[in-house]
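In what follows, every chain begins at residue 1, and chains take the letters A, B, ... in the order their sequences are listed.
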There are 2 protein chains.
Amino acid sequence: MSGIQEIARATGLSKSTVSRALRNLPSVAPATIMTVRRAADELGYVPSLAASGLATGRNHAVGVVVPVIDRWFYIQTIEGIDAELRREGYDLILFNLAGRTGNRERVFHRSILRKRVDALVLLSLVFDDSEREQLELSEYPTVVIGGRAPGVRHIGIDDFDVAQRATRYLLGLGHRRIAHIGGLDEAGMNFLVPGERHDGYTEALKSAGLPLVTDWSRNGAYTFAGGHSSMRSILGSGDVPTAVFCASDEMAFGAMQAIREAGLSVPGDISVIGIDGHVYGETLGLTTFAQDPRAQGTRATRVLLGELAGQPPQPWFEPEPVTFIDRGSAGPVAS
Amino acid sequence: MSGIQEIARATGLSKSTVSRALRNLPSVAPATIMTVRRAADELGYVPSLAASGLATGRNHAVGVVVPVIDRWFYIQTIEGIDAELRREGYDLILFNLAGRTGNRERVFHRSILRKRVDALVLLSLVFDDSEREQLELSEYPTVVIGGRAPGVRHIGIDDFDVAQRATRYLLGLGHRRIAHIGGLDEAGMNFLVPGERHDGYTEALKSAGLPLVTDWSRNGAYTFAGGHSSMRSILGSGDVPTAVFCASDEMAFGAMQAIREAGLSVPGDISVIGIDGHVYGETLGLTTFAQDPRAQGTRATRVLLGELAGQPPQPWFEPEPVTFIDRGSAGPVAS
DNA sequence: GTGAAAGCGCTAACAG
DNA sequence: CTGTTAGCGCTTTCAC
C-alpha cells in the first residue's frame, strides 16, 4: 500500500523529488511531474496527512465547535465554513458540545488541542477564563461566529441594533402593546445574544416612552416549541398584545402557530416579526430581519485560512449585514 | 511546547516509558504512571495525534459523509454519531458533498482516502461502481445509514414497509382517495428511499384494489417548501383527495400549511400522515411513523468502533424500528 | 519495569 | 533541477 517511497522506486527518482513533484513545486521539471503523477495514479497512491502533518506542523484541518448542531443558525454556518474549507482542501473537524458540560472540558483541554487542527471556529460560544487561556495557549487562529465573545474576536450581526430595529418597525406600524419572545437557550448557546436582543427591544420601547410589561417578555428557549408555548401563555394571560417580536424565526413560527390555534389571525389580530431569515419563513410568510450565517461561516474561514497562509491577522470585524424582508406577518395595528 | 521527550527529560525516564505511562500500559509501575502524569500536566503536555497516528496507523477519527447537512434526518444522525465518537475519544470529520458533484469526486478519490480516518459513515448515499471500488480499496470499516446502498451494508428503517403501513393506516380510516407527496431530492439524497416509499404507497393502494391516480403523486423534494407547493398544486387541481401520505414529516408540515391556507382543516377535510418523527410534529400535531436517526447513528458508530477494536465484522443489520405516533392529523374520512 | 534503537511517511535544509 | 541527510513526535520490538 504505497507511499511516496514506492513511487520513488518505480520512477527511479528520489523520495524528495517525488514529494516535490506531488506538490507541484516550481523547482521540479514538468516532465518529472508528469512521470510522478502517472506513477502515483497507477500505484493508487494516497498521501498520508498524518505524515505530512508531522513533518510540516500543518494539519490541513479546521476545528468547528458548536454548542449543539440542531439549530438553523449553526447548520447554515457550518455549511458556509465547509464550503470554503473544501475549496481549499481542508478538512472540517466537528466538535459538538451538545450541552454536555463534561464534553466541554474535554474539548477545550484535550481534543481540540491534540494538534489535529490548524485553526478554530467557535459558534456562538462564550468562555470562562480557563477556556480563554487554553485558547490563547493553543495559539490557533480563532474566530467566534454568532454572539459577541469577550476576549475573542467575533463575526456576527449587531444583535442589539437588529432587535431595536425590529421593535421600532412594529412601533412604526402603530403598535404600542408589543411582546417579546426570546430567552436563554439552555442548550449552551451564547448567553449574550438573547440578552442583547432583549435589550434592543427594551430600549426601543423605552425611547418610545412605553412601559415594559414584564409579563410580555417570555423565554422561548430559541426553539419552535418554545415559541409556541410562550405565545400560548401570553395569549392565555388575558392581557393580549397586538404584536410580538421574536428573537429568532423558529420561535416566531411557533408563535404564529399558537396565534392561529387560538383562532386569531396574523397580522390581523397580532403582528409577528422575527430575526434570522430561516427558509421556512418564505412559505409561512414571516416578516423578518434576515442574516446570512452561511456567508459568515465562509468569511470567517477565509480569514483563518488567509492567516494560516501568512496574511496579517484581522483583529476585529464589522458587524455583518442584515436584510429586512417584509412578508406580511406584521401589519398596522387594528384601530 | 512539550512533547513526550520533555516529560522524559523532566522525570528522568525514557521516552518509551513515558509513552507507556501515558497510555496506562499495565507493564508500567503505578508510581511511574503518577509521576509521568503529574509532569505531563505541569508541562501542559498535548499529545500529537499526527505522530501517534503515524506510528500506529490509527487516526482516532471517523469520517462522516453527508449529501447535504441541512435536513432533519442528517442532523439527528450526526448528533448520534458524534455522541458515541466523543465517548470513545474519536474525532468526527465531516464531509459535506453539498450536492456538488465535483466535491463528490474529491471526497471519494482524495480527502477520505487521505488516511485521516479509521472508518466511514455514509449518510443516505448511493454509489457508482468506481466509488464502491474506492471504498473497498480503502478497506475502512464502512456503514451506510439511511437508504439501502447496494454493495455496502446499511442501517435504516424498512422504507417500503413503513410507507405501506402509513398508507394502510389511511385506508383503515376509510380513505379511498389518497395522495402521495414524496419525490426525488435533487440535493443528492439516496435515490432509493423515495422510490421505496413510493412503492410502499403504490402497493398498499393496489392491494386494496384502488386505482393509482398519477396526478396525486407529487415531488415535494423532501423539503418543507416542496411539500407546501405540492399540496397546493394538488388542491388546485380540482380533484382533491381526502388524505395525503407524505414521505417525510417536513413535507407533511408544508402540506398541512397549504391545506390550512386553502381554508380547509386537518384532518376534517384532509388527513395528513408523515414519516420521521421530526420534533415540530409535536407542536403541529402531525401523525407520523417515527424513526430514531440518532440511535441509528449511535449504533452504526458503535459497530464501527467495535470492529476497529477487533470485533468480528457485522455483515448486515436488522431494519431499524419505527414507532407509530398518533397526533390527530389523520382521521376518519368524512362521510 | 525500564531503556535503546528503529521506524511510521513525509518534508526540509543543504549540497551538487 | 535532483539526491542526501535529518528529523517531525510517537510507538514498538528487543534487550536488560
Side-chain angles (χ1 to χ4, degrees), chain A residues 1-37 39-40 43-61 89 91 110 113-118 138-139 308 310, chain B residues 1-37 39-40 43-61 89 91 110 113-118 138 308:
Chain A
M1 293 267 59
S2 69
I4 209 181
Q5 182 76 269
E6 326 286 305
I7 303 183
R9 178 167 21 249
T11 56
L13 291 161
S14 75
K15 257 183 16 174
S16 23
T17 302
V18 172
S19 168
R20 293 180 191 116
L22 254 14
R23 284 173 296 155
N24 293 314
L25 295 195
S27 67
V28 185
T32 311
I33 294 196
M34 293 285 21
T35 320
V36 170
R37 274 205 195 140
L43 295 173
Y45 167 72
V46 176
S48 157
L49 277 198
S52 83
L54 228 204
T56 59
R58 277 278 190 279
N59 297 90
H60 284 272
D91 284 336
R110 301 211 189 301
L113 305 168
R114 284 189 297 191
K115 319 208 154 162
R116 165 159 274 181
V117 303
D118 299 327
S138 73
E139 290 178 328
L308 286 176
Chain B
M1 303 271 60
S2 66
I4 210 182
Q5 184 74 272
E6 328 283 306
I7 304 184
R9 179 167 20 249
T11 55
L13 292 162
S14 76
K15 258 180 18 173
S16 20
T17 303
V18 172
S19 168
R20 294 181 189 116
L22 254 14
R23 284 173 296 153
N24 293 314
L25 295 195
S27 67
V28 186
T32 310
I33 293 196
M34 292 284 23
T35 320
V36 170
R37 274 205 195 141
L43 295 173
Y45 168 73
V46 176
S48 157
L49 279 197
S52 82
L54 228 205
T56 60
R58 277 275 189 282
N59 297 92
H60 284 272
D91 285 335
R110 302 213 188 299
L113 305 168
R114 284 190 296 192
K115 320 210 155 159
R116 163 157 275 178
V117 303
D118 300 325
S138 73
L308 286 176

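Within the 3.5 Å criterion, the main-chain N or O of Arg58(A) finds no donor-acceptor partner in the side chain of Asp118(A). Remark: side-chain polar atoms of Arg9(B) are not paired, donor with acceptor, to backbone N or O of Gln5(B) under 3.5 angstrom. With Ser19(A) contributing its side chain and Lys15(A) its backbone, the two residues share no donor-acceptor pair below 3.5 Å.
Checked options Asn24(B), Thr17(B), Leu25(B); the residue passing with Ile33(B) is Asn24(B) (criterion: side chain to side chain contact (heavy atoms under 4.5 Å, CB included)).
At least one side-chain heavy atom of Asn59(B) sits under 4.5 Å from a side-chain heavy atom of Arg116(A).
Ile7(A) places its CD1 atom 11 Å from the C1' atom of dG9(C), with the value rounded to the nearest Å. Computed from coordinates, the Arg116(B) CZ to dG9(C) P distance equals 17 Å when rounded to whole Å. With rounding to whole Å, Glu6(B) atom CD is found 11 Å from dC8(D) atom P. Across the protein-nucleic acid pair, Arg58(A) atom CZ and dG9(C) atom P stand 24 Å apart, rounded to whole Å. Rounded to whole Å, atom C1' of dG1(C) lies 17 Å from atom CE of Met34(B). Rounded to whole Å, the distance from CG on Leu22(A) to C1' on dC10(C) is 10 Å. dG9(C) atom C1' lies 15 Å from atom CG of Leu43(A), rounded to whole Å. Computed from coordinates, the Ile4(B) CD1 to dT12(D) P distance equals 11 Å when rounded to whole Å.
Rounding to the nearest 0.5 Å gives a distance of 8.5 Å between CG of Leu54(A) and OG of Ser48(A).
Which of dG3(C), dC8(C), dG9(C) sits closest to the side chain of Ala55(A) comes down to dG9(C). For Arg20(B), the listed nucleotide lying nearest its side chain is dA4(C); candidates were dA4(C), dG3(D), dT11(C). Candidate nucleotides dA12(C), dG1(C), dC8(D) were compared by shortest atom distance to the side chain of Leu54(A), and dC8(D) ranks first. The Tyr45(B) side chain lies nearest to dC10(D) when the options are dC10(D), dC10(C), dG1(C). The listed nucleotides are dT4(D), dA12(C), dG9(D); the one nearest the side chain of Ala51(B) is dG9(D). Among the nucleotides dT2(C), dT11(D), dC1(D), the one closest to any side-chain atom of Ser19(B) is dT11(D). In the set dT12(D), dT11(C), dG3(D), the nucleotide with an atom closest to the side chain of Arg23(B) is dT12(D). The side chain of Ser16(A) has dG3(D) as its nearest neighbour among dG3(D), dC10(D), dC10(C).
For the pair Leu49(A) and Gly12(B), nearest-nucleotide mapping onto DNA chain C gives the more 5' position to Gly12(B).
In this structure, Thr56(A) reaches the sugar-phosphate backbone alone: every heavy-atom distance under 4.0 Å involves primed, P, OP1 or OP2 atoms, never a base. In this structure, Ser27(B) reaches the bases: a heavy-atom distance under 4.0 Å links it to at least one base atom across the strands shown.
Remark: Ser14(A) is in phosphate contact with dG3(D), judged by side-chain N or O atoms under 4.0 Å from OP1 or OP2. At dG3(C), one or more side-chain N or O atoms of Thr17(B) fall inside 4.0 Å of OP1 or OP2 (strictly under the cut-off).
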